[in-house]
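Everything quoted here is computed from the prediction, not taken from an experiment. Throughout, numbering of the chain's residues begins at 1 and tracks the sequence.
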Amino acid sequence: MTLIKRVGKALAVIVVVLAVGGFASHQYVNHVEKQRPIVTLAKHPKKVLFFYRDDCPDCQSIFHQIYWHNVISRNIIFINMNQSKNRPYIQQYQLTSVPTLIHGKQRYTGTNQKRIKQIVGD
């Protein structure tokens with residue numbers, strides 16, 4: 001077998017592995033997004049709060065970006081508002097819509113990538 005054929009086969013295997021890995025990670029993040037844990041915010045005083053709903057198209061459009069940022073920074077608390085026991089936060093944080101990010105006195109509702117980066121950090 002020539003060197004070119006071996007390199008070609010190795011590249012093909014790498015591409016397949018990356019494609020399968022990318023698909024699996026995408027599916028995993030979608031699974032995380034659908035979870036509805038009860039969140040106690042008193043345990044996380046200096047974190048970014050990300051209020052979302054798993055059935056909200058705008059929330060879904062930014063969830064992956066915020067999730068992967070959190071994998072590295074570990075500074076975001078995900079609060080799924082479809083969990084009824086998380087709903088008292090609506091009044092406490094005066095939420096009017098989702099997705100909403102709150103970090104200290106900073107607050108942003110929407111999907112603008114630049115604003116999200118300002119809130120969660122780069």
Undergrad: What is the minimum heavy-atom distance between F51 and V98, and which atoms define it?
TA: O-CG1, 3.7 Å
Undergrad: Taking the side chain as C-beta and beyond, is there a heavy-atom pair between I79 and L49 under 4.5 Å?
TA: yes
Undergrad: Should we say atom CD1 of I4 is surrounded by more than 12 heavy atoms from elsewhere, each under 6.0 Å from it?
TA: no
Undergrad: Applying side-chain hydrogen bond (donor to acceptor under 3.5 Å, both in side chains), can you list everything that pairs with Q91, at least two apart in sequence or on another chain?
TA: none
Undergrad: Is the closest side-chain heavy-atom distance between I77 and V48 below 4.5 Å?
TA: no
Undergrad: Hydrogens and angles aside, do N80 and N86 bring a side-chain donor and acceptor to less than 3.5 Å of each other?
TA: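 The answer is no; no qualifying pair exists.
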Undergrad: Mind checking ring-ring contact (aromatic ring centres under 6.0 Å, His included) for F78 and listing every partner two or more places apart, or none if nothing turns up?
TA: F50, F63
Undergrad: First locate atom CD1 of I119, then atom CG of N75, and finally report the distance between them rounded to the nearest 0.5 Å.
TA: 11.5 Å
Undergrad: For a side chain to side chain contact (heavy atoms under 4.5 Å, CB included) check, start with the C-alpha distance between M81 and D54, then their side-chain angles and the critical distance, and finish with the verdict.
TA: CA-CA 8 Å; M81 299 310 290; D54 58 68; over 6 Å; no
Undergrad: So, for H69 and V120, which heavy atoms are closest and what is the spacing to 0.1 Å?
TA: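 Residues H69 and V120, closest heavy atoms: NE2-O, 3.1 Å.
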Undergrad: Could you give the distance from CG (N82) to CG (D55), rounded to the nearest 0.5 Å?
TA: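 Reported value, rounded in 0.5 Å steps: 4.5 Å.
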Undergrad: With R87, which residues qualify under side-chain hydrogen bond (donor to acceptor under 3.5 Å, both in side chains), at least two apart?
TA: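 Listed in chain order: nothing, the list is empty.
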Undergrad: Please report the shortest heavy-atom distance between C56 and P99, naming the atom on each side.
TA: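 Reported closest heavy-atom pair: SG-CD, 4.3 Å.
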Undergrad: Honestly curious: do V71 and I66 fall in one hydrophobic cluster under the side-chain, below-4.5 Å linking rule?
TA: yes
Undergrad: If you look only at pairs with a residue in residues 92-112, which of them pass as a side chain to side chain donor-acceptor pair (under 3.5 Å), with sequence neighbours excluded?
TA: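 Side chain to side chain donor-acceptor pair (under 3.5 Å) check on residues 92-112 returns T100-T109.
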Undergrad: Could I get the full list of side-chain hydrogen bond (donor to acceptor under 3.5 Å, both in side chains) partners for Q65, not counting sequence neighbours?
TA: Q113
